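Values in this document were obtained by computation on a predicted structure and should not be read as measured data. Computed over heavy atoms, backbone and side chain alike; hydrogens, waters and symmetry mates excluded. Letters A, B, ... mirror the listed sequences (proteins, then strands); counts begin at 1.
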Protein chains: 2
Amino acid sequence: MTLNDVAAATGVSRATVSFVLNDDHEQRISAATRERVKQAARELGYVPHGVARALREGTSRTVVLTIDEGLEGHYSHSYVHGLDAELRAHAYVLLVRYGHHTPQTTQQLLDVIAPRAVIAFGETYLTGHELEDAGGGWRDGLAAHSALQVRHLVEHGHTRIALAVPEGGSPLAATRLKFTGQAARDLGIPVPDSFAAPQEPAACAEAVAAHLDRRPEVTAIAAFNDDVALRVLAALRDLGRRVPEDVAVIGFDDNGYGAFTTPGLTTIAIDAEAHGRLSARLALRLDTSGLLPPPARVVVRASV
Amino acid sequence: MTLNDVAAATGVSRATVSFVLNDDHEQRISAATRERVKQAARELGYVPHGVARALREGTSRTVVLTIDEGLEGHYSHSYVHGLDAELRAHAYVLLVRYGHHTPQTTQQLLDVIAPRAVIAFGETYLTGHELEDAGGGWRDGLAAHSALQVRHLVEHGHTRIALAVPEGGSPLAATRLKFTGQAARDLGIPVPDSFAAPQEPAACAEAVAAHLDRRPEVTAIAAFNDDVALRVLAALRDLGRRVPEDVAVIGFDDNGYGAFTTPGLTTIAIDAEAHGRLSARLALRLDTSGLLPPPARVVVRASV
DNA sequence: CTGAAAGCGCTTACAG
DNA sequence: CTGAAAGCGCTTACAG
């Protein structure tokens with residue numbers, strides 16, 4: 001089923017069919033032909049061939065999201081959901097590419113399917129663009145969420161805080177550290193030190209113990225995310241420290257599993273759907289006004 | 001940078017360039033020209049335009065994996081990893097599409113980027129193809145893994161088992177139930193009954209209590225996956241039943257979070273990378289021999 | 001108001 | 001051994 005078939009069935013030229021199907025109002029085509037063409041297209045089940053169109057227009061009706069290893073989580077899922085919904089509404093299809101991404105692999109993507117845009121997940125955070133763009137992270141982005149985490153601790157009387165980050169380092173760790181420090185200054189408490197929490201339980205317990213030895217004044221640990229928080233919680237249990245009496249722990253980006261530990265993990269829930277929708281509009285160069293990401297919430301369980 | 005540029009730079013025709021770059025041995029082209037062309041292509045940084053090629057060949061160098069909602073987990077991650085690696089090795093790029101998939105959305109995908117293949121995640125399980133294809137699930141697929149779960153329980157003296165599935169139903173639940181029943185028959189124990197475990201804690205506790213009332217002889221619960229197992233574990237704790245003394249619990253598809261509960265969750269770890277590689281070769285119609293998925297392993301913690 | 005033509009970048013029979 | 005030509009399906013100046 002091609003344009004040619006529709007043209008033949010209607011008795012007009014291919015160009016005319018293209019014009020009416022693309023609603024080109026520069027061309028004055030009689031209402032009658034318009035209707036006949038549309039009718040025929042419908043009856044024949046004509047669907048434009050995306051590859052041909054992409055060759056002609058230079059770009060396909062797709063957007064690719066690249067997600068680097070280690071960046072997946074609850075946030076990314078919800079982000080993908082919003083991105084997908086918004087793109088779909090504009091007749092674009094979202095395709096996700098996993099793995100490690102370099103300028104070369106991105107170029108390859110462009111060469112292979114010529115997407116309208118390729119979005120690197122987390123890029124706005126990594127480049128710091130988020131702070132300037134669209135109202136910025138201090139209102140409803142990573143900065144605001146980081147601040148909420150610190151604030152909850154402060155509201156519960158904690159002023160000496162440590163930040164636990166994944167061992168091996170997440171690309172986002174430096175950014176989080178910066179925002180957390182900034183939030184601490186704004187709240188008038190000392191800027192938190194950070195330490196790495198290894199995957200392996202014994203190593204993690206050691207790391208937690210070492211940090212607590214070095215900073216005996218610390219009464220609360222803010223985690224980079226829930227995975228880290230869960231490891232820290234287990235370490236504290238193995239170390240015989242009571243949570244939250246001896247040390248409080250708060251997670252970040254609620255993944256749901258904090259409900260199953262003893263004590264339950266208090267954490268920050270982020271709804272990233274609106275962020276995803278925002279990215280979609282940015283990628284399509286559409287108006288982004290009226291898109292208000294909901295604020296993050298504290299999920300109160302028992303670890304603070 | 002197009003074929004034309006390379007041809008111009010070398011002083012041969014576009015066809016010749018295409019022939020040497022695609023290693024067409026039907027054509028007898030002098031070693032000298034071959035070298036000159038390749039050299040020029042390298043120097044100019046020529047990369048074939050995937051969209052043009054796709055238009056000509058009818059299919060692009062991509063494979064799309066569709067993942068329906070609710071099918072994500074540790075298994076799917078590891079599967080995606082293997083699929084990606086294998087496809088990459090054959091110069092294909094893997095693109096993942098999320099959301100709910102219907103024949104229409106799949107057709108749309110075909111129309112938009114003409115992928116070489118679209119793989120529906122879990123399809124081999126859902127259609128039951130897995131059992132016939134490539135050695136089959138009883139050796140190293142879902143059937144074998146389901147059997148391992150039951151066997152571990154039986155080896156620990158349990159003969160009356162219940163299967164806990166997600167409320168709302170996973171597309172895979174029926175398949176799992178079938179395999180579990182089959183495994184039970186093979187091991188000479190009664191075929192397990194199943195019950196749905198709701199997300200909400202109170203409702204889940206109620207469901208677990210109700211099932212245990214109805215089937216007081218049950219001494220062990222096999223879960224559809226770790227998420228369900230974790231909920232069941234919490235329910236049992238809220239119900240005041242000791243695990244594993246009163247009731248044993250075993251998960252499926254280790255997601256790592258079972259390490260943080262008390263007691264720790266015993267579960268089945270599945271390495272799906274080889275399954276992903278297998279799918280890649282199947283999609284590319286390549287030889288699949290020599291690909292041996294490693295067997296699943298029991299991760300012993302404390303809940304059995 | 002509508003159609004013939006060019007061209008996006010490639011591959012591959014076909015003809016020398 | 002190598003090149004001219006057709007054609008994949010579309011869009012869009014351009015000419016009537």
Side-chain angles (χ1 to χ4, degrees), chain A residues 1-38 40-41 44-62 91 107-116, chain B residues 1-38 40-41 44-62 91 107-116:
Chain A
M1 253 333 107
T2 74
L3 258 197
N4 265 330
D5 298 318
V6 181
T10 333
V12 300
S13 81
R14 215 160 62 198
T16 305
V17 176
S18 177
F19 289 143
V20 349
L21 260 23
N22 289 316
D23 267 329
D24 187 337
H25 288 294
E26 300 295 285
Q27 319 288 331
R28 347 209 101 271
I29 295 174
S30 71
T33 9
R34 294 190 99 73
E35 207 30 68
R36 259 179 39 244
V37 169
K38 286 186 176 170
L44 296 173
Y46 169 74
V47 177
H49 190 283
V51 175
R53 186 180 255 175
L55 179 59
R56 171 66 225 220
E57 298 191 328
T59 153
S60 67
R61 286 340 206 217
T62 62
Q107 185 55 51
Q108 187 202 18
L109 226 37
L110 258 18
D111 295 329
V112 173
I113 62 165
R116 168 71 181 265
Chain B
M1 253 336 105
T2 72
L3 256 199
N4 265 329
D5 299 317
V6 181
T10 333
V12 298
S13 80
R14 214 160 62 198
T16 305
V17 176
S18 177
F19 289 142
V20 350
L21 261 24
N22 288 318
D23 267 328
D24 188 337
H25 288 294
E26 300 296 284
Q27 318 288 330
R28 348 208 100 271
I29 294 174
S30 70
T33 9
R34 295 189 100 71
E35 208 29 69
R36 258 180 39 243
V37 169
K38 285 185 178 170
L44 295 173
Y46 168 74
V47 178
H49 190 282
V51 175
R53 186 181 254 175
L55 178 59
R56 171 66 224 220
E57 298 191 327
T59 153
S60 68
R61 285 341 204 215
T62 61
Q107 183 57 49
Q108 188 202 17
L109 227 37
L110 259 17
D111 294 330
V112 173
I113 62 164
R116 168 71 183 267

- side-chain contact (heavy atoms from CB on, under 4.5 Å) between Val17(A) and Tyr46(A), intermediate numbers included: CA-CA 11 Å; Val17(A) 176; Tyr46(A) 169 74; 5.7 Å; no
- Message: Judged by each residue's nearest nucleotide on DNA chain D, which is more toward the 5′ side, Ala31(B) or Ala52(B)?
- Response: Ala31(B)
- Provide the closest heavy-atom pair for Ala9(B) versus Leu44(B) in the form atom of the first, atom of the second, distance. CB-CD1, 3.9 Å
- If you round to the nearest 0.5 Å, how far is OG1 of Thr10(A) from CZ of Arg36(A)? 6.5 Å
- Query: Which residue, Ser13(B) or Phe19(A), contacts DNA chain D at a nucleotide closer to its 5' end, judged by nearest heavy atom?
  - Reply: Ser13(B)
- In this structure, CD of Gln108(A) is separated from CZ of Arg61(B) (nearest 0.5 Å) by 11.0 Å
- Message: Students often get this wrong, so: under 4.0 angstrom with heavy atoms, is Thr2(B) touching a base, only sugar-phosphate, or nothing?
- Response: sugar-phosphate
- How would you label the contact of Val51(A) with the nucleic acid (heavy atoms, under 4.0 Å): base, sugar-phosphate, or nothing? nothing
- Item | From Ile29(A) atom CD1 to Arg34(A) atom CZ, the distance as rounded to the nearest 0.5 Å | 5.5 Å
- Query: When we call it a touch if two heavy atoms are under 4.0 Å apart, what does Asp24(A) touch: a base, just sugar-phosphate, or nothing?
  - Reply: nothing
- Item | For the student: nearest non-hydrogen atoms of Ser60(B) and Ile113(B), plus distance | OG-O, 2.8 Å
- Item | Leading and trailing nucleotides of DNA chain D with any atom under 4.0 Å from heavy atoms of chain A | dG9(D) to dA13(D)
- In this structure, OG1 of Thr2(A) is separated from NE2 of His49(A) (nearest 0.5 Å) by 10.0 Å
- Its dot-bracket string being built from Watson-Crick and G-U pairs below 3.5 Å, with | for another strand and [ ] for crossing, DNA chain C has the pattern |||.||||||||.|||
- Message: Rounded to the nearest 0.5 Å, what separates atom CZ in Arg56(A) from atom CG in Leu55(B)?
- Response: 13.0 Å
